[in-house]
*Asks:* 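Got a structure for you, questions after.
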Amino acid sequence: MPRPLRVLHHYIVDARNEFIAHTDFAPKKQHRIVSIAPPTGTWAPMSFWGFDNAKLDARVHEIERLAGEVESRVNAAIMKLESRRAETLSVPNAYAMRR
């Protein structure tokens with residue numbers, strides 16, 4: 001991860017974990033509590049909170065830069081691995097060896 005973009009990366013990962021994957025462990029600041037009465041007549045308390053998409057939207061250019069940096073690094077790593085693999089697999093041509 002490019003050092004200057006680590007804070008942004010952590011922000012994106014936290015947002016993903018909290019609002020998409022629901023795997024965060026941080027306590028929520030609840031904005032409101034709503035009670036819903038299902039057909040059984042039992043009340044079920046539910047808490048809701050929101051995510052400020054405007055903050056994320058305002059950072060679109062930074063996010064695009066982050067994605068580009070990561071893509072470049074991943075592609076460079078792939079090329080390095082592929083070239084190492086090609087070196088280990090290079091076998092002299094059997095026809096050339098008979099000459």
Side-chain angles (χ1 to χ4, degrees):
M1 184 58 51
R3 194 175 297 275
L5 298 172
R6 285 185 184 165
V7 173
L8 175 61
H9 179 258
H10 289 297
Y11 175 74
I12 293 169
V13 169
D14 289 346
R16 177 221 171 258
N17 289 345
E18 189 170 346
F19 296 101
I20 297 171
H22 308 290
T23 59
D24 60 307
F25 294 107
K28 304 283 189 278
K29 179 181 177 188
Q30 298 174 352
H31 295 289
R32 60 189 164 171
I33 295 180
V34 177
S35 293
I36 298 176
T40 61
T42 307
W43 289 88
M46 299 177 67
S47 60
F48 295 88
W49 58 91
F51 179 72
D52 188 357
N53 286 325
K55 284 184 182 178
L56 197 58
D57 290 346
R59 300 183 84 172
V60 166
H61 295 293
E62 289 177 89
I63 294 168
E64 288 173 343
R65 180 176 159 223
L66 172 63
E69 289 280 339
V70 171
E71 180 182 30
S72 295
R73 289 172 184 232
V74 168
N75 287 337
I78 289 170
M79 288 178 65
K80 188 175 181 180
L81 290 171
E82 287 176 345
S83 68
R84 283 186 193 163
R85 180 80 174 143
E87 289 171 8
T88 62
L89 292 177
S90 63
V91 177
N93 185 327
Y95 176 76
M97 291 177 68
R98 283 189 251 152
R99 293 177 137 200

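One-based numbering along the sequence shown. Atom set for the values below is all heavy atoms of this structure, side chains included, hydrogens, waters and symmetry mates excluded.
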*Asks:* State, yes or no, whether a side-chain contact exists between I63 and L56 at a heavy-atom distance under 4.5 Å.
*Replies:*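 I63 vs L56: side chains touch.
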
*Asks:* I'd like to check the side chain to side chain donor-acceptor pair (under 3.5 Å) partners of E69; sequence neighbours left out, ordered by chain and number.
*Replies:*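 E69 satisfies side chain to side chain donor-acceptor pair (under 3.5 Å) with no residue once adjacent residues are dropped.
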
*Asks:* With the 4.5 Å side-chain cut-off for hydrophobic clustering, are L5 and V13 part of the same group?
*Replies:*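 Different clusters: L5 never reaches V13 through Ile, Leu, Val, Met, Phe, Trp or Tyr contacts under 4.5 Å.
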
*Asks:* Please output the side-chain donor-acceptor pairs of residues 71-82 that fall under 3.5 Å, not counting sequence neighbours, one pair per line with the distance.
*Replies:*
unit_1, atom_1, unit_2, atom_2, d
S72, OG, G68, O, 3.0
N75, ND2, E71, O, 3.3

*Asks:* Can you run down the side chain to side chain donor-acceptor pair (under 3.5 Å) pairs that involve residues 56-65, sequence neighbours left out, and say none if there aren't any?
*Replies:*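 Pairs touching residues 56-65 that pass the test: R59-E62.
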
